[in-house]
Amino acid sequence: MRSKKIFVIASVICIIAISIIAVNRFYGYIFKDDITDKQDDEIVLDNNIEKDNIKNKVLEDNREDLISGDNYLDIKEKITDIEPIASSKNNEDVISVDTVKEPKIMSSTRIEYQNYYTLDDKLEIEKEIEPPYYMINLTREQMEEFYPEFQLIAFSPEKVILRRIIEDRSDKYYIIKRHNTNIGVFHDYRDKGEDIQLDEYLRDTIDIPVNDLVWEEQEKLNNGIIVYGEEELSQSLKKLWQLYRLNQSGKYILKEYNGVMGVFYDYKQDEKYSSDLKQDKLNDLLKGYLRKVIETPVSGLEEELMNKLKEGITVNSEVELIRLLENYTS
């Protein structure tokens with residue numbers, strides 16, 4: 001009886017032990033995958049951190065090369081190997097930074113104002129100034145908006161050119177004309193009508209007696225010589241003074257000129273003249289002393305006279321000049 005009890009107790013203990021071992025194995029099998037997943041997650045996380053560290057190190061070590069672009073492709077491949085570069089559809093998420101600054105007017109900019117006159121095709125610079133305070137920092141678009149009456153010809157921080165188109169003639173014309181016995185300089189009166197007082201347009205008088213000029217110049221001054229601008233005015237007055245002085249000498253030279261006869265003031269008194277002066281230099285000199293061209297071909301004249309005309313025939317008075325011309329042209 002006693003041995004039977006011992007057998008029953010031993011059997012129960014064995015069953016309990018076997019049950020415990022079975023339960024432990026069962027739960028170990030269930031939670032094995034969960035533990036493995038956690039370990040894998042930890043490994044992936046560690047790998048990502050390591051990748052980030054490597055990428056930052058590559059960017060840091062190669063920052064200067066990346067900026068200069070010398071090794072850009074090599075660096076890009078290194079970064080791509082670690083982590084693919086993100087892209088967005090149609091570049092909607094990409095922000096482009098424009099580093100080029102739009103030109104603006106500065107305090108050192110020069111502003112040039114021009115006037116273009118359509119009737120006589122004259123372009124004049126009215127003035128050139130420093131920009132007023134309200135122009136500072138204006139862009140080209142703003143200038144075009146604020147000054148629609150001008151054409152914006154040039155725009156830069158160094159210089160801005162504004163051009164006004166005027167459907168008219170320039171007001172910088174002058175008329176050189178006889179005024180009493182001397183020469184007068186008048187402002188342009190051509191569009192002022194017929195009933196005008198010339199003295200109202202008189203700018204200046206020049207102390208050159210008109211009657212002491214040759215008759216061709218007298219005729220021009222009676223009709224009026226139109227000049228444009230201060231420079232042309234100055235040159236024309238200088239020429240008239242020279243013609244007056246040359247005419248006072250009373251000497252003229254009749255000479256062959258481009259196949260016909262030319263009447264010249266005494267060009268031989270010019271310091272640039274010499275008997276061996278080259279033809280091109282002589283032609284330039286003759287232009288300044290030409291008084292009149294006589295449209296008579298020299299080719300039909302006698303050989304002796306043709307040779308004289310090539311050298312130049314000097315006459316000492318207007319009367320002698322007229323006599324020679326009558327003989328040679330009859």
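Predicted, not measured: the structure shown is a model, and the values here were computed from it.
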| task | Go through the steps to decide whether Val298 and Val260 satisfy the test side-chain contact (heavy atoms from CB on, under 4.5 Å), and finish with yes or no. | result | CA-CA 5 Å; Val298 298; Val260 295; 5.6 Å; no

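- Between Tyr267 and Phe264, the angle of the ring planes goes over 60°, which puts this pair in the perpendicular group of the 30/60° scheme.
- At a threshold of 4.5 Å between non-hydrogen side-chain atoms, the residues Leu152 and Leu162 count as touching.
- Side-chain atoms of Asn180 never come within 3.5 Å of backbone atoms of Asn182 as a donor-acceptor pair (strictly under, hydrogens ignored).
- Donor-acceptor pairing under 3.5 Å is recorded for the side chains of Gln114 and Arg163.
- Using a distance-only test at 3.5 Å, with no hydrogens or angles considered, no donor-acceptor pair links the side chain of Ser236 to the main chain of Leu233.
- Counting non-hydrogen atoms of neighbouring residues, nucleotides and ligands closer than 6.0 angstrom, the CD atom of Glu303 reaches no more than 12 such neighbours.
- Atom CD of Glu304 has 12 or fewer heavy atoms from other residues, nucleotides or ligands within 6.0 Å.
- For the residue pair Asn283 and Gln279, a side-chain donor N or O sits within less than 3.5 Å of a side-chain acceptor on the partner.
- Looking at Tyr174 and Glu232, their side chains never bring a donor and an acceptor atom within 3.5 Å of each other.
- Geometric assessment of Lys122 against the ring of Tyr228 yields a positive cation-pi assignment under the 6.0 Å and 45° thresholds.
- Side-chain contact between Glu216 and Glu219 is absent, with no heavy atoms from C-beta onward closer than 4.5 Å.
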| Given Asp270 and Lys272, is the salt bridge (charged side-chain N to carboxylate O under 4.0 Å, His left out) satisfied, shown in steps? | CA-CA 5 Å; Asp270 195 297; Lys272 297 179 181 179; 5.8 Å; no

| query | Going through the distances and angles, do Arg291 and Glu318 end up as a salt bridge (charged side-chain N to carboxylate O under 4.0 Å, His left out)? | reply | CA-CA 12 Å; Arg291 171 182 170 181; Glu318 186 89 8; 2.5 Å; yes

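- Using a 4.5 Å heavy-atom threshold, the side chains of Leu282 and Tyr273 count as touching.
- Side chains of Glu141 and Thr139: no donor on one and acceptor on the other come within 3.5 Å.
- If you check the side chains of Asp199 and His179, you find a donor sitting under 3.5 Å from an acceptor.
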